[in-house]
Peer 1: 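If you scroll down you'll find the structure; I have some questions about it.
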There are 2 protein chains.
Amino acid sequence: MSVDLKQYLAQRRQMVDAALEAWLPADESGGVILKAMRYSLFAGGKRLRPILCLAGAEAVGGDPRRAMFCACALEMIHTYSLIHDDLPAMDDDDYRRGVPTNHKVFGQGMAVLAGDGLLTQAMVLLTDAAAVGDLPAERARQAANVVMRAAGHLGMVGGQAADLLAETMEPDLAMVDYIHARKTGALICASLEAGGILAGADRDRLSRLVRYGRRIGLAFQIADDLLDLEGDAETLGKATGADAAKGKMTYPAVLGPAQARQTGQRLVEEAVAIIAELGPPARPLELLAHYIMSRTH
Amino acid sequence: MSVDLKQYLAQRRQMVDAALEAWLPADESGGVILKAMRYSLFAGGKRLRPILCLAGAEAVGGDPRRAMFCACALEMIHTYSLIHDDLPAMDDDDYRRGVPTNHKVFGQGMAVLAGDGLLTQAMVLLTDAAAVGDLPAERARQAANVVMRAAGHLGMVGGQAADLLAETMEPDLAMVDYIHARKTGALICASLEAGGILAGADRDRLSRLVRYGRRIGLAFQIADDLLDLEGDAETLGKATGADAAKGKMTYPAVLGPAQARQTGQRLVEEAVAIIAELGPPARPLELLAHYIMSRTH
């Protein structure tokens, strides 16, 4: 990672963390449910989706701070999906980012509710007068709709459902594409698109953000699959080789690690070419794209 | 039930069912997740929350059809909460409305996702241009926010969490009030408030809808508790006495059945007095309030 990108990510992550604290503060009267929601929300996430949303707004000439409420909503949605994915009835994971998963600490029932609470709170944020500020109401509505479509049964939830059903099937490239485009790709893409919408991007610029988003969403999943296969547990904070053990549909499983890496690299290069047209404000998105696959070397 | 109310409810239920069909149509390419979502959404619900939302709009002089998207979102939220409540880690129910619960048919993982999908689809509806139509954007935003706050950790999800934790505690009136105001009361109240907001109600009328909603929300829960205790399984489509067996916090458990019925009756009378001030357009809400407790006689 370049020094520039490292500083940029650290600074943005700090901004996002502070905003999340402000939107979902600790409160003794909030009970166990709030504790469970905050436990996973502040369990050391990289804040990739919020950072992409802010960078998307910035890349089209907008003020990233005005997209912060949407960035926080995206992280709440991402966190809820991890809590539910980790449940015994789904991926059955005991650790994530080096700490016990939500249901290991709070029990399965409370973990389901903590996920529900985070998803709902994301929607509260996306429709809250104080959060939306003085943005044109139509922009806020459109951004919320894009995010929610990406999170629903035609997007992330649909991808997770397909993933669940595919555990008993033979790995197959079309199926892997289908699952990943929805399970991780849709929300990553929506993060960029929503940022662009909130900043008032025109059609061409919005389309660049979406096309960039599709490519890095897929590249990100390929990198994750490669890391699960080849990374070490200490760095990842979770068991490695878990996907293979569960017969998960992954790119390395279908294409082999070498070709999977090549595909990821090609997607990154395409993404960079698409976004570079937006000029200097899109520089962070260029660096971010390069960084995705570099983690796997 | 009066003939008038019976006809009114049947007609409104039909309108809501048709709108739900239109917003979440069957689609072979939608896969198992869509089937699971539709299985519970069309499992014979009374559509109480949507009907309250439409009646709320009507009571303040609005056109109920313009609140239909919000009414459908409310039913999706209610259905998702039932699916998650029925999970083995929560209430562990095998039957609801006479048919097997979602996880008995589709498995626990898919049931979690079906609930997630319905909650997300509700938010898609609340922010969808075609659904919102030509309503003032600010009204639509405010209604969506009221609904989502009521559904979240300060409302329904928080009530469910408290209910989960309370199973091991001694029944206590303050705790029963706390749980019910959130678990069922909040969304019922929000149904009326959102209907009023969408119809452009002034402050006084909105306040009447909210005060009416608080009372019938609580009365509705008391009636449900009484039916669970005294109703017969065939009429209810689920096992009776289940709450008592689980040591659930209910009004009959704390106050005894006679005083619980008296409390419910008092709430209904207060609700009717509050809403009657809105005149003839509020007549369906009067009849509905009376009907709630009459089910338990």
Side-chain angles (χ1 to χ4, degrees), chain A residues 24 30-34 36-37 77 80-81 84 87-91 103 107-129 131-132 136-138 140-158 160-162 164-165, chain B residues 24 30-34 36-37 77 80-81 84 87-91 103 107-129 131-132 136-138 140-158 160-162 164-165:
Chain A
L24 198 70
V32 179
I33 182 67
L34 182 61
M37 289 163 70
I77 294 169
Y80 118 74
S81 79
H84 284 190
L87 288 168
M90 308 258 237
D91 280 1
H103 67 271
Q108 286 187 51
M110 196 57 77
V112 171
L113 291 170
D116 295 345
L118 283 168
L119 172 56
T120 313
Q121 188 60 20
M123 304 178 184
V124 169
L125 258 188
L126 288 172
T127 56
D128 194 81
V132 171
E138 175 56 18
R141 184 201 59 71
Q142 214 181 318
N145 193 252
V146 160
V147 168
M148 286 305 153
R149 280 184 188 277
H153 66 285
L154 299 174
M156 189 177 71
V157 166
Q160 179 62 15
L164 197 63
L165 296 170
Chain B
L24 198 68
V32 179
I33 181 68
L34 181 61
M37 290 163 70
I77 293 170
Y80 117 75
S81 79
H84 283 189
L87 288 168
M90 308 260 239
D91 280 1
H103 66 272
Q108 285 188 52
M110 196 56 77
V112 171
L113 291 170
D116 295 346
L118 283 168
L119 171 56
T120 313
Q121 188 61 18
M123 185 61 182
V124 169
L125 260 189
L126 289 171
T127 56
D128 194 79
V132 172
E138 175 57 18
R141 184 201 61 70
Q142 216 181 318
N145 193 253
V146 160
V147 168
M148 287 304 153
R149 280 185 189 278
H153 65 286
L154 298 174
M156 189 178 71
V157 166
Q160 179 63 15
L164 197 63
L165 296 169

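Protein chains get the first letters and strands the later ones, always in sequence-line order, with residue 1 at the start of each.
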Peer 1: Would you mind reporting whether R141(A) and T127(A) have side-chain heavy atoms less than 4.5 Å apart?
Peer 2: no
Peer 1: So which of D128(A), D91(A), L125(A) has the largest heavy-atom pair count under 4.5 angstrom toward chain B?
Peer 2: D128(A)
Peer 1: Considering only heavy atoms, which portion of Q160(B) lies under 4.5 Å from any heavy atom of chain A: side chain, backbone, both, or neither?
Peer 2: both
Peer 1: Is chain A contacted by the side chain of A129(B), its backbone, both, or neither, given a heavy-atom distance below 4.5 Å?
Peer 2: both
Peer 1: Give, as side chain, backbone, both or neither, the part of M37(A) having an atom under 4.5 angstrom from any heavy atom of chain B.
Peer 2: side chain
Peer 1: Atom CD in Q121(A), atom NE2 in H153(B): separation rounded to 0.5 Å?
Peer 2: 5.0 Å
Peer 1: For L164(B), is it the side chain, the backbone, both, or neither that has a heavy atom closer than 4.5 Å to a heavy atom of chain A?
Peer 2: side chain
Peer 1: Specify the closest pair of heavy atoms between M90(A) and G109(B), including all atoms of both residues, with the distance to one decimal.
Peer 2: SD-O, 3.7 Å
Peer 1: Considering all heavy atoms of both residues, which atom of A122(B) and which atom of I77(B) are nearest to each other, and what is their separation?
Peer 2: CB-CG1, 3.6 Å
Peer 1: With a 4.5 angstrom heavy-atom cut-off, could you sort out which part of L87(B) is near chain A: side chain, backbone, both or neither?
Peer 2: side chain
Peer 1: Mind checking whether M156(A) and T120(B) have side chains closer than 4.5 Å, heavy atoms only?
Peer 2: no
Peer 1: Scan side-chain atoms only and decide if R149(A) and N145(A) contain a donor-acceptor pair under the 3.5 Å cut-off.
Peer 2: yes
Peer 1: When only pairs under 4.5 Å are counted, which of M110(A), H103(A), Q108(A) shares the most heavy-atom pairs with chain B?
Peer 2: M110(A)
Peer 1: Let's test your reading of the structure: which of L118(A), I33(A), V132(A) forms the most heavy-atom pairs below 4.5 Å with chain B?
Peer 2: I33(A)
Peer 1: For V32(A) and L165(B), which heavy atoms make the closest approach, and how far apart are they?
Peer 2: CG2-CD1, 3.6 Å
Peer 1: In terms of heavy-atom pairs under 4.5 Å, which option from L126(A), L154(A), V147(A), L119(A) contacts chain B the most?
Peer 2: L119(A)
